[in-house]
Novice: 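Just passing along the structure, written as structure tokens.
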Number of protein chains: 2
Amino acid sequence: MTKLQFRKWQSVQDEVLRRIHAREWKPGQLIPNEADLASDFGCARVTVNRALREIAEKGLLDRRRKAGTRVVLQPVAKATLDISVIRMDVEARGQRYDHQLIQRDISKPPATVSGAMRTSASAQLLQLKALHLADMLPYAFEDRWINTNIVPEATAETFTDISSNEWLLKHASYTHGDITFSAVNANKDQAEALGCITGAALFVMDRITWNGDFAVTKVRIFFAQGHRMQTVL
Amino acid sequence: MTKLQFRKWQSVQDEVLRRIHAREWKPGQLIPNEADLASDFGCARVTVNRALREIAEKGLLDRRRKAGTRVVLQPVAKATLDISVIRMDVEARGQRYDHQLIQRDISKPPATVSGAMRTSASAQLLQLKALHLADMLPYAFEDRWINTNIVPEATAETFTDISSNEWLLKHASYTHGDITFSAVNANKDQAEALGCITGAALFVMDRITWNGDFAVTKVRIFFAQGHRMQTVL
DNA sequence: CAGTGGTCTAGACCACGAT
DNA sequence: TCGTGGTCTAGACCACTGA
């Protein structure tokens, strides 16, 4: 009905994906070069290039100059995770978001933290512990360290009205981050904060955010029991 | 020294990212349109377009026709996970990979499985349980159901010489998949297989792979205690 | 060396959507 | 309505790298 958007490169991409999925082009097989495909599809070579490039970025094709383009034997699936502010996650579920500041200290972090953040062993950092709530029930427990050398304004902020995550997005910029997901058994403090039994399996996200070579913040988030993180291939 | 690759679009992208990170272009701010940037950078508009398009896909820019391009207020970080065959993960860590088939049955799955796979409630599926080993130590325990209506050849395969994952990649194609990550306390069977105590927190990946509207396979993988999944922003 | 993909350009038309 | 981004083209040159 509605023709909507003549994205020729996308129809080329769809057709190529169809041929791969239908095994018309088998794993390991060389496919025609860009110029031939362009005349087959009746479009410019650049259009074919864009279609194939995106498929190669997804990991389904292996492209090499002179050698041509092949269907990969064992595709490495690329799943994309959207890591947003926790408030957004909660509100996207149609729930009411609240947060409680549990602790706020300036102190010398344990060696594991200063090591991971590459701060000097004697440096004082700002530590925050907070609870995120969805519909008044515990959603996640957060343990964060902020590098006040990089973000000195943080020492003047109470973090009672705004979560540290959102405050940092407004006041600090970053260039990249490292994320790790794991599972841990809840200790007494975490169990108490999240309202579960000690030893319950918790889904954990660790994140260190960098601005160039300097760590801006390190945060460990313990999600309430039963939390799931979903994505698609 | 080596100039290597004149990718003008990438130098444009680097410069734009620098301006965003340096807050020269602040969150929420409108940046110059493509034509102006092109003349500023001394390149074609298409080159600017490619540079900005990729940044927008990463979630740092919001682009709208007529309205122009803005730096987003709260960037939603996109993290990409590479989901490969477990053997590859193990070997990438420099460890020896082995696997053991623990169970192989054709039976009617529980309602949760047939429901998730959208197979008829009375359909028989092939169930496999297997252990993945790294340097002879348990790495992950896998519980899999295969839809033999979609992949009938599976009924003739023993899965003793090749893991089900790699066999499926060779013999079945898929169009998309759903993935969920969570944490669970190990039950007695899982604890025994993985060599941990009952109740240990395990990192779990659930995956359903589809070919069009039909589920090819559903797998639940319990990783050994302490497993971490890493990525970057 | 030569074939293939990677990139760039100038110009063009179009889809969208803010105003 | 009309400014902006989205896409397409034909042609060109270049960077790789397999043979």
Side-chain angles (χ1 to χ4, degrees), chain A residues 1-17 19-20 25-73 75-76, chain B residues 1-17 19-20 25-73 75-76:
Chain A
M1 202 65 59
T2 51
K3 201 60 140 315
L4 284 187
Q5 307 190 163
F6 282 10
R7 289 190 280 197
K8 194 170 284 193
W9 67 266
Q10 210 172 42
S11 63
V12 170
Q13 191 177 72
D14 289 345
E15 173 59 16
V16 170
L17 285 172
R19 293 185 188 179
I20 293 172
W25 289 339
K26 298 186 172 56
Q29 184 179 333
L30 195 64
I31 76 172
N33 67 32
E34 292 189 348
D36 290 347
L37 287 174
S39 62
D40 283 357
F41 289 123
C43 65
R45 185 168 76 89
V46 160
T47 304
V48 173
N49 182 281
R50 171 156 187 195
L52 297 186
R53 191 205 323 141
E54 292 209 345
I55 298 177
E57 283 168 2
K58 283 187 217 155
L60 285 174
L61 290 176
D62 183 28
R63 318 195 72 198
R64 291 188 201 172
R65 286 161 161 148
K66 168 72 177 178
T69 300
R70 290 178 183 280
V71 181
V72 300
L73 285 170
V76 175
Chain B
M1 199 53 59
T2 52
K3 203 58 141 317
L4 284 188
Q5 308 190 159
F6 283 7
R7 288 188 284 195
K8 193 171 285 192
W9 67 266
Q10 209 172 41
S11 63
V12 171
Q13 191 177 71
D14 290 345
E15 173 59 17
V16 170
L17 285 173
R19 292 185 188 179
I20 294 173
W25 288 338
K26 297 185 172 56
Q29 184 178 336
L30 195 65
I31 76 173
N33 67 32
E34 291 189 349
D36 290 347
L37 287 174
S39 62
D40 283 355
F41 289 123
C43 65
R45 185 169 74 91
V46 157
T47 303
V48 173
N49 182 279
R50 172 155 186 194
L52 297 187
R53 190 205 322 141
E54 292 208 346
I55 297 176
E57 284 169 2
K58 283 188 217 154
L60 285 174
L61 290 176
D62 183 27
R63 318 195 72 199
R64 292 188 200 172
R65 285 162 160 144
K66 168 72 179 178
T69 300
R70 289 177 183 280
V71 181
V72 300
L73 285 170
V76 175

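First the proteins, then the strands, lettered A, B, ... as listed; each starts at 1.
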Novice: Walk me through it: do A:Leu61 and A:Val72 pass the test side-chain contact (heavy atoms from CB on, under 4.5 Å)?
Specialist: CA-CA 5 Å; A:Leu61 290 176; A:Val72 300; 5.5 Å; no
Novice: Separation of A:Lys66 atom NZ from D:dA19 atom P, in whole Å?
Specialist: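 In whole Å, D:dA19 P and A:Lys66 NZ are 7 Å from each other.
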Novice: Could you tell me the separation between the CG atom of A:Asn33 and the P atom of D:dT17, rounded to a whole number of Å?
Specialist: 18 Å
Novice: A:Arg45 CZ to D:dT7 C1': how many Å, rounded?
Specialist: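 Distance check: A:Arg45 CZ to D:dT7 C1' gives 17 Å.
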Novice: Strictly below 4.0 Å: does A:Thr69 bring a side-chain N or O up to OP1 or OP2 of C:dG5?
Specialist: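 True: A:Thr69 side-chain N/O within range (under 4.0 Å) of C:dG5 OP1/OP2.
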Novice: Please report, rounded to the nearest Å, how far the P atom of D:dT7 is from the CZ atom of A:Arg7.
Specialist: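 Going from A:Arg7 (CZ) to D:dT7 (P), I get 6 Å.
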Novice: Whole-Å distance between D:dC16 C1' and A:Glu34 CD?
Specialist: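 After rounding, the reported distance stands at 14 Å.
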Novice: Does atom CZ of B:Arg19 have more than 12 heavy-atom neighbours, drawn from other residues, nucleotides or ligands, at distances under 6.0 Å?
Specialist: yes
Novice: For A:Gln10 and D:dT7, give me the distance from atom CD to atom P, rounded to whole Å.
Specialist: 8 Å
Novice: Without decimals, in angstroms, what is the distance between A:Ile31 CD1 and C:dT4 C1'?
Specialist: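 The answer, rounded to whole Å, is 12 Å.
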Novice: Can you tell which of C:dA18, C:dT9, D:dG18 lies closest to the side chain of B:Ala44?
Specialist: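 When the side chain of B:Ala44 is considered, C:dT9 is the closest of C:dA18, C:dT9, D:dG18.
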Novice: Using atom CZ of A:Arg65 as one end and atom P of C:dG3 as the other, report the distance to the nearest whole Å.
Specialist: 16 Å
Novice: How long is the span from the CD1 atom in A:Ile31 to the CZ atom in A:Arg70, to the nearest 0.5 Å?
Specialist: 10.5 Å
Novice: Would the distance check show the side chain of B:Arg63 and the main-chain N or O of B:Thr69 forming a donor-acceptor pair, the cut-off being under 3.5 Å?
Specialist: no
Novice: Tell me which donor-acceptor pairs under 3.5 Å the side chains of residues 36-49 of chain A have, and how far apart each pair is, sequence neighbours excluded?
Specialist:
| from | atom 1 | to | atom 2 | distance (Å) |
| --- | --- | --- | --- | --- |
| A:Ser39 | OG | A:Asp36 | O | 2.9 |
| A:Arg45 | NH1 | A:Glu34 | OE1 | 2.6 |
| A:Asn49 | ND2 | A:Glu34 | OE2 | 2.8 |

Novice: Taking atom CD of A:Glu54 and atom CD of B:Glu57, what is their separation to the nearest 0.5 Å?
Specialist: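 Interatomic distance, A:Glu54 CD to B:Glu57 CD, rounded to 0.5 Å: 6.0 Å.
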Novice: Under 4.0 Å, heavy atom to any atom of DNA chain D: which of residues 46-63 of chain B qualify?
Specialist: B:Val46, B:Asn49, B:Arg63
